[in-house]
Amino acid sequence: MKSYTSKEIRNVVLLGHSGSGKTTITESCLFKSGATKRFGKVDDGNTVSDYDPEEIKRHVSINSSILPVEWKDVKINFIDTPGYFDFVGEEMLSTYVADAAVIVVSGKAGVEVGTEKAWDCVEKFGTPRMFFMNFMDDENADYERVLSELRDHFGKSVAPVQIPFYENEKIRGFIDVITREAKYLDSTKTKLEPGPIPEFMTVEVEHLRKMIVEVAAESIDELLDKYFADEELTIEEIYRGLEVGLLNKTIAPLFTGAASQGLGIMLFMNSVKNFIAPSVVCRPEFECTDLTTGEEIIRKNDETDHFAAYVFKTISDPYIGRLNIFRVLSGELTKDKVIYNPEKDTQEKVAHIYVIRGKEQIEVDKLCAGDIGALAKLQNTGTQDTLCSSVNPVQLSKIELPEAVYSRAIVPKAKGDDDKIAAALVKIREEDPTIRVEVNKETKQTLIYGVGDQQLDIVVNKLKNKYKIDVDLIDVIIPYRETIKAKVKVQGKYKKQSGGHGQFGDVWMEFEPSGDMSKQYIFEEKIFGGSVPKQYFPAVEKGLQECVANGVLAGYPVVGLKATLVDGSYHPVDSSEMAFKMATSVAFKDGVSKAKPTILEPIAHVEVIVPERFMGDIMGDINKRRGRILSMDSVDGGKKSIVAEIPMAEIAKYSIDLRSMTQGRGSYTYNFERYEEAPADVQQKVIAARAK
Ligand SMILES: Nc1nc2c(ncn2[C@@H]2O[C@H](COP(=O)(O)OP(=O)(O)O)[C@@H](O)[C@H]2O)c(=O)[nH]1
Ligand SMILES: [Mg+2]
């Protein structure tokens, strides 16, 4: 593949609901542009984009992939994204580096949650956007209905530039509104042939064209003058105007077609070339931190500036190793250079430079500003790292990825696989930075956190297929606590007479609530007259320390306990540290049982964000989960935030439930807040569960 300059490059991310046809569009573009000889199908598992074994098996994208398409002397780097909620991290990282986005929407299903999420994503990054209405070959596709849905949701900027026309309610062809060219489907319904615009469409076409010309003219002063002077704009001028309108986000052009039949694809590629400004115009510069001075500086998306690149994806494979995929922000990258990774403070050697197309790696000599490429076998580089020249180190700011709130415990099926799991999870995390792994010291569980259950399911499959480790995901153990509510005074006596010299320890202890839940226990002694010799105090405390590890009700750690050694007795020969430790243990079991022991449960501080219409359902559900609502507020995008305190045990699977209550439109974050006494019925369940 030849080397392209930033004037010839367009980086275009495909976003949209899962199943809207993103992958098929890329496959169709590759085929129509001559990059591939075969038109693969998602359902046959042979597309260039969905090459991962998990994608082939599931017939759905789970990773973003890069699909460069060379079209009329430009290179369009399509970035195909998964669309499914759990993989929103991939979508965000891809959008961050893209020049423009195409939001794909089904002409049958219309605006779906994934379409809304795609819009949120381009809004977040300020990305110029276009729409592609797909599935137009389907009998149930309805252009007018979906167009009005798009306008209802995303405003008047949605502008049809290519429209379908029908005959006897069956699709007959497409019209390019700007060039006034009509294309008719041939008898096989797989090819388009040029023809005149049908009579009944002329009014509609001229009406739409007028609107588009207006937007184009409004974007550039010079064109506006011409427009007001009633002069006709040339097609080139309209394109130039739309290019600016797209950049300013005053227009979101709408294309249409049927990707699986290859219909509308050539026009789509032409439009990407004509409407989307070259990379250098879309993203003329990047704001970075100059690591020498600490100041914010500008790096130009230009071959002449110093080299800097941003890694937005990492592929980690036990056989082929690691591949870092990046966008060159500025300057150019050539072979046999040493580059610098400021995040990891390491020098990295550039041996081979690749552009990638799905899983295929194509070696190139250099990569220019704006282009997307990959480096293999870097020592220490990961997703979101900046790579740069070591003389002028800079760093691009990282984006905040969605918080992993869904957690499960991971257990190997075979004993002894724990270390292998830990190592494999490190690699899997390189590929998917939204995953978090944590070992809970108390419960000894290895916890894996993700955005949702599908994502964790894929981790399990990757462990099995790539790393040959079989694991199960089980429920996370909720770390309950135990404490006491009353004050008691008890005796603990340990006495053994067996053969030679015996064992004797005897303590009187008071147990009461300490009021400090952050400490397990507070130990004091109030011994007068040496009833227990000083030398045994540490043994008493040691005994106490061991006892608080397991409460008397359900074996959970005890907190907030005050224990005072007030009296006791000893034997000059038989007493020992061991005997006093044992005596303390006897006192603990008896005393804590009598001091109104109770179970505490962890309470989470939760913030739920949902569209307003779900407020009632969400609040009712929080009540059912024994939650307390603290506040409600309006947040960006017409959504509401609900802040509540909910027992941790009740939100273990909240991400799944919230998703089904809101069809994926809700999100939440939480953190541990404090412990609170659990209600009696919950306590009983906890005790019963632990007894098992
Ligand atoms: N009839 C029809 N099917 C399509 C069209 N585009 C995609 N498909 C099919 O719809 C399914 C989902 O497409 P895919 O490209 O995987 O969607 P993605 O999840 O957005 O990447 C696949 O079975 C495709 O073959 C289309 O224009 N017409
Ligand atoms: Mg896909």
Side-chain angles (χ1 to χ4, degrees), residues 12-32 36 38-67 69 78-91 94-95 101-119 121 130-143 146 162 164 170-171 173-174 185 188-192 254-269 313 357-359 454-455 458 664:
V12 180
V13 62
L14 290 162
L15 300 171
H17 200 82
S18 190
S20 54
K22 298 176 291 295
T23 300
T24 309
I25 291 177
T26 61
E27 187 69 17
S28 196
C29 289
L30 287 168
F31 182 68
K32 293 265 175 182
T36 51
R38 181 190 64 189
F39 189 172
K41 284 205 182 80
V42 173
D43 298 317
D44 296 345
N46 60 0
T47 61
V48 179
S49 177
D50 286 355
Y51 60 82
D52 187 285
E54 286 299 313
E55 299 181 312
I56 292 170
K57 194 176 85 190
R58 290 162 196 260
H59 298 166
V60 63
S61 313
I62 55 175
N63 303 304
S64 53
S65 10
I66 321 302
L67 305 140
V69 169
F78 281 116
I79 313 175
D80 182 23
T81 63
Y84 193 75
F85 310 126
D86 289 13
F87 311 108
V88 54
E90 293 273 287
E91 266 168 52
S94 305
T95 309
V102 174
I103 301 177
V104 183
V105 55
S106 155
K108 205 164 49 161
V111 172
E112 297 173 89
V113 191
T115 330
E116 292 173 25
K117 295 213 157 184
W119 182 265
C121 191
M130 322 201 284
F131 286 95
F132 187 95
M133 197 194 297
N134 195 25
F135 280 90
M136 292 314 291
D137 58 323
D138 194 285
E139 275 184 22
N140 297 314
D142 186 343
Y143 187 83
V146 177
Q162 178 198 5
K170 290 236 161 67
I171 188 144
F174 300 96
L185 276 169
T188 65
K189 302 228 156 142
T190 54
K191 277 210 188 79
L192 292 169
L254 166 64
F255 307 95
T256 187
S260 59
Q261 316 301 322
L263 300 176
I265 294 300
M266 298 240 220
L267 187 70
F268 170 65
M269 287 192 285
K313 184 178 170 64
R357 178 186 281 152
K359 69 173 171 200
Q454 286 265 345
Q455 189 185 15
I458 281 161

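Atoms within a ligand are numbered from 1 in the order they appear, just like the ligands themselves. The analysis underlying the following values was restricted to heavy atoms, covering all of them including side chains, and did not include hydrogens, waters or symmetry mates.
- Of the protein's non-hydrogen atoms, the one nearest atom 6 (N) of ligand 1 is Asn134 ND2, 3.0 Å.
- In plain terms, the two heavy atoms of Asp50 and Ile56 that are nearest each other are O-CG1, 3.5 Å.
- Ser260 meets the side-chain hydrogen bond (donor to acceptor under 3.5 Å, both in side chains) test with no other residue; sequence neighbours excluded.
- A side-chain N or O of Thr23 and one of Ser61 form a donor-acceptor pair less than 3.5 Å apart.
- Across all non-hydrogen atoms, the minimal contact from Pro82 to Phe87 is CG-CB, 3.6 Å.
- Counting protein heavy atoms only, atom 2 (C) of ligand 1 is closest to Ser260 OG, 3.1 Å.
- Close contacts between ligand 1 and Ala258 involve ligand atoms 27 (O) [criterion: under 4.0 Å to a heavy atom].
- Considering backbone and side-chain N/O atoms, Ala259 comes within less than 3.5 Å of an N/O atom of ligand 1.
- In the candidate list Gly114, Gly264, Gly19, Gly19 is nearest to atom 18 (P) of ligand 1, counting heavy atoms.
- Closest non-hydrogen pair, Leu67 versus Gly358, comes out as CD2-N, 4.0 Å.
- Protein heavy atom at the shortest distance from atom 17 (O) of ligand 1 is Gly21 N, 3.0 Å.
- Under the side-chain hydrogen bond (donor to acceptor under 3.5 Å, both in side chains) test applied with Ser49, the options Thr26, Asn63, Thr24, Asp80 reduce to a single match, Asp80.
- Counting protein heavy atoms only, atom 9 (C) of ligand 1 is closest to Phe135 CZ, 3.9 Å.
- What you find for Gly107 and Phe135 is that their closest heavy atoms are N-CB, 4.1 Å.
- Taking each of Asp138, Asp137, Val42 in turn, the one with a heavy atom nearest to atom 1 (N) of ligand 1 proves to be Asp137.
- Among all heavy-atom pairs drawn from Lys32 and Met269, the shortest one is CB-CE, 3.7 Å.
- Near Lys22, the atoms of ligand 1 lying under 4.0 angstrom from a non-hydrogen atom of the residue are 15 (O), 17 (O), 18 (P), 19 (O), 20 (O), 21 (O).
- Shown here for Phe268 and Phe132, the closest heavy-atom pair between the two residues is CD1-CD1, 3.7 Å.
- Nearest residue to atom 25 (O) of ligand 1 from Thr81, Val60, Asp43 is Asp43 (criterion: closest heavy atom).
- Near Thr24, meaning under 4.0 Å from one of its heavy atoms, ligand 1 places the atoms 7 (C), 13 (O), 14 (P), 15 (O), 24 (C).
- Listed by chain and residue number, the protein N/O/S atoms under 2.8 Å of the Mg ion (ligand 2) are Thr23 OG1, Ser61 OG, with waters left out.
- Heavy-atom separations between Gly16 and ligand 1 are all 4.0 Å or longer.
- Between the side chains of Asp137 and Gln261, a donor-acceptor pair is found at a separation under 3.5 Å.
- Those atoms of ligand 1 that come under 4.0 Å of a heavy atom in Ser18, given as number and element, are 19 (O).
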